[in-house]
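What follows is a short report on a single structure.
Only heavy atoms go into these numbers, but all of them, side chains included; no hydrogens, no water, no symmetry mates.
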Amino acid sequence: MSVYRPLVCLLRQATAARVWRTVTTWSPVAAAFNARVHRRLDLFHQNGLFGVPELSSVGGFEVVQDRALQETQQLVEKACRCPPGVQTVEIFDKLSDSLCRVADMADFIKVAHPDPSYREAAERTCINIGTMVERLNTNVDLCKSLKDLLENEEIFSKLDPETRRVAELFMFDFEISGIHLDKKKRKEAVNLNVKLLDLSNQFLMSCHMPNRIEKRALPEHIHQHFTKDGNYIQIGGLNADAPDDLVREVAYKVFLYPNENVMHILEELLSCRDKLARLVGYESYAHRALKGTMAKSPGRLYSSEIDFEMMREMKTKLNPRNPGLITWHVVFYLCRFNIEPSLYSPYFSLGACMEGLNGLFTQLYGVSLLAEQPSVGEVWSEDVRKLAVVHETEGLLGYIYCDFFYRPDKPHQDCHFTIRGGRQLEDGQYQLPIVVLMLNLPHPTQSAPTLLSPGMMENLFHEMGHAMHSMLGRTRYQHVTGTRCVTDFAEVPSILMEYFATDYRVISQFARHYQTGQPLPQSMVARLCESKKVCGAADTQLQVFYAIMDQVYHGKPQNRSTTDIMIDMQKKYYGLPYVTNTAWQLRFSHLVGYGAKYYSYLMSRAVASMVWKQCFYKDPLNRFIEDHRRVRFTLVSNIP
């Protein structure tokens, strides 16, 4: 069928003989990602973003927003008239889906689209839809329609477990939003939530803004590592992979230099969250955020200094004149124990890694990744690839848009966005999920395709784990589909994929030189896998520090700045000295989406470790291991 057409169409349009291609045995999916994109020119059939016709222009956001708000009003009236039963939950889920489809898409476009007018329109849409959501969460009549179902024991007990659970989750949303408050306080709660939407957006955007410094302030020989802007150098990240200590030091100190305006935004964000939590009856925002999660309430974490001494020894060998270990050294040495990443990159072309993922998913889940040519206007950048995810018996499962290449206008953080969640439709069809994976990989050159470091390859596997969670988690209701599970479980499938990315049996399936086709030597595979084990405790310690700082920020208010808190937490839980005139917390974008829940990475890592050891350690490529099938069935409910 044409909708599943393979990548041959792309290959025909690509230059057949490229200077870097002496290998002729790449699979279609590998060839698509190792070749430059050539789009079809169609002046007569302009489509919209993600295939939404209205989004072929900026004004379309208002159209889709107003349509969603009108449908919302109709569904609210229908829910309030509906007698208690399964239809109540179905209407609530349809209501949620109607709003989420617009809000989630706008939430992505406001940070990813290269056109400022699109970003601004998307941001307005996010605020307007978000405001409606908060009003609904304090709508007494709407809540009563759900409460009538929950309190009717005879009807509720006859519902299937999934429907009962979704009904309880919707009621939980009402409860933490202050549905129990009087009219005046409910209005106050809505206003606080709307203010939080704006503050969160401001902070999130500022996290990715570069800092500038005059060229003359830096040694000329390191200018090439940064973006030039007239008489200034722009620094938009930590340059953690740079082998030059000075480059990493400059990037760290400039990128993390405090910004008073952003500091005020963060402190107001935290204060507003605390006010909201106390207003609706919680001791702190952390207590509110953890209600209903696996952690249940704020708790203690642990600390260790196990790997820093080993890193100091590595640093001394490489730079004996300056053996001290500073924060900007840690990430660099985490990925360099016993290996040199540049020697691995030729074996990890983007195409080879995508071929590895495709092969892994085929063997484990019977799922294939097939490239499609996007329609004109469907994607926001020419570099974006579109993948159809197809199961061997169930057919098309959904779509993944791959925005993998660096652009100055996009967030510098690798991330995953759900654009549309899956759900069972009234006509028996299934609403296909749509997700976006966003990475910041280097562009291909005239002499080579995009080559990944081992760390980049692992990040690719991690983010693809999120995407497959959305593709395979085929629930009846979109409210709980894929990554819309409890936050402290959401990272389990993605972290599980990291285990595959560092297992020699998996790596040996796809890692081969982009020019010769030779496989990665076994000795190099062994060193790479071993290096990941050696520095694991230091990486865990870093996550512990982040998690504790997040908990303290969202705990009881303290009469000190976020920087003072960060310095104190770093001293207690990290073991490396604070660098003067830096404010790392102002770049901690997870404070928005994972506020009081950053510990989820640690909890998910523990769960993923158990899953790996029980189900995949003996044979990571065998889908027929019994324990493997049980866990697979748990994670991806509808694929037998």
Side-chain angles (χ1 to χ4, degrees), residues 106-127 195-215 217-218 222-223 225-242 247-270 272 327-328 331 380-381 403 405-417 436 438-442 546 549-550 553 561-563 566 579 581-595 598:
D107 198 45
F108 166 74
I109 293 170
K110 76 178 184 184
V111 299
H113 203 287
D115 186 337
S117 63
Y118 269 86
R119 295 200 298 268
E120 290 165 7
E123 183 180 337
R124 290 193 297 271
T125 297
C126 284
I127 296 294
K195 184 179 180 180
L196 279 170
L197 289 173
D198 184 49
L199 289 169
S200 296
N201 183 64
Q202 290 183 53
F203 181 71
L204 191 61
M205 299 304 289
S206 68
C207 285
H208 307 297
M209 292 295 292
N211 276 344
R212 298 199 310 169
I213 187 171
E214 290 188 0
K215 283 183 180 178
L218 302 180
I222 69 170
H223 289 187
H225 295 279
F226 307 109
T227 302
K228 298 176 183 177
D229 181 18
N231 292 325
Y232 291 87
I233 293 288
Q234 280 196 359
I235 299 179
L238 296 177
N239 288 57
D241 289 334
V247 171
R248 297 196 308 278
E249 179 180 354
V250 166
Y252 190 93
K253 290 181 175 179
V254 174
F255 186 62
L256 299 184
Y257 191 80
N259 180 305
E260 288 302 319
N261 182 51
V262 181
M263 190 80 72
H264 174 72
I265 292 171
L266 174 59
E267 292 181 349
E268 191 173 1
L269 172 67
L270 296 175
C272 193
T327 309
W328 58 79
V331 175
W380 51 99
S381 171
D403 188 356
F405 299 105
Y406 171 80
R407 294 193 309 273
D409 56 79
K410 68 189 282 192
H412 291 183
Q413 193 171 31
D414 297 340
C415 45
H416 155 272
F417 293 85
V436 174
M438 184 176 284
L439 306 178
N440 281 279
L441 304 179
Y546 294 166
M549 186 175 72
D550 174 44
Y553 279 165
S561 71
T562 57
T563 299
M566 186 263 291
V579 178
N581 287 326
T582 62
W584 178 87
Q585 76 277 16
L586 302 185
R587 301 293 184 175
F588 193 18
S589 60
H590 283 81
L591 287 174
V592 173
Y594 279 74
Y598 192 83

Out of curiosity, His225 NE2 to Leu218 CG, how far, rounded to the nearest 0.5 Å? 11.5 Å
dist Cys126:SG -> Asp198:CG (nearest 0.5 Å) comes out at 11.5 Å
Should the pair Trp584 and Phe588 be assigned to parallel (<30°), tilted (30 to 60°) or perpendicular (>60°) ring geometry? tilted
Determine all donor-acceptor pairs shorter than 3.5 Å in which one atom belongs to a side chain in residues 255-265; sequence neighbours excluded.
unit_1	atom_1	unit_2	atom_2	d
Asn259	OD1	Asn261	N	2.9
Asn259	OD1	Val262	N	3.0
His264	NE2	Glu268	OE1	3.3

I need the minimum non-hydrogen distance between Gly236 and Pro210, along with the two atoms involved. CA-CB, 3.8 Å
Begin from the C-alpha positions of Phe417 and Val111 and carry the test side chain to side chain contact (heavy atoms under 4.5 Å, CB included) through to its verdict. CA-CA 11 Å; Phe417 293 85; Val111 299; 3.9 Å; yes
If you count every heavy atom of other residues, nucleotides or ligands that lies below 6.0 Å from Tyr232 atom OH, does the total exceed 12? no
Donor-acceptor pair, distance only, cut-off 3.5 Å: does the side chain of Arg119 make one with the backbone of Pro114? yes
Nearest-0.5 Å distance that lies between atom CE in Met209 and atom CG in Leu204: 12.5 Å
Distance col, row Leu586:CG vs Leu591:CG, nearest 0.5 angstrom, shows 9.5 Å
Value rounded to 0.5 Å, distance of CG in Asp229 from CD1 in Ile213: 13.5 Å
Which of parallel (below 30°), tilted (30 to 60°) and perpendicular (above 60°) describes His113 and Tyr118? parallel
Checking the side chain of Ser206 only, and the main-chain atoms of Phe203 only, is there a donor and an acceptor separated by less than 3.5 Å? yes
Checking Ser561 against Glu267: is there a side-chain donor and acceptor pair closer than 3.5 Å? no
Is the closest side-chain heavy-atom distance between Val247 and Phe226 below 4.5 Å? yes
Before you tell me yes or no, could you show the steps for Asp550 and His590 under side chain to side chain contact (heavy atoms under 4.5 Å, CB included), namely the whole-Å CA-CA distance, both residues' side-chain angles and the distance that decides it to 0.1 Å? CA-CA 9 Å; Asp550 174 44; His590 283 81; over 6 Å; no
Where is the tightest heavy-atom contact between Ala251 and Gly237, given as atom of each residue plus distance? CB-O, 3.6 Å
Using atom types as modelled and distance alone, determine if a side-chain donor or acceptor of Arg212 lies under 3.5 Å from a backbone N or O of Gln234. no
Kindly determine whether Met549 and Tyr598 satisfy side chain to side chain contact (heavy atoms under 4.5 Å, CB included), including the steps that lead there. CA-CA 9 Å; Met549 186 175 72; Tyr598 192 83; over 6 Å; no
Looking only at heavy atoms, the pair that brings Ala242 and Arg248 closest together is O-NH1, 2.6 Å
Value for CZ (Arg587) from OG1 (Thr582), rounded to nearest 0.5 Å, stands at 11.5 Å
I need the minimum non-hydrogen distance between Lys215 and Ile233, along with the two atoms involved. CG-CG1, 3.8 Å
Residue list, side chain to side chain contact (heavy atoms under 4.5 Å, CB included) with Arg124, at least two apart or on another chain: Glu120, Ala121
Backbone N or O of Thr562 within a donor-acceptor pair of the Tyr553 side chain at under 3.5 Å? yes
Flag the pair Thr563 / Gln585 as yes when at least one side-chain heavy-atom distance between them is below 4.5 Å, and no otherwise. yes
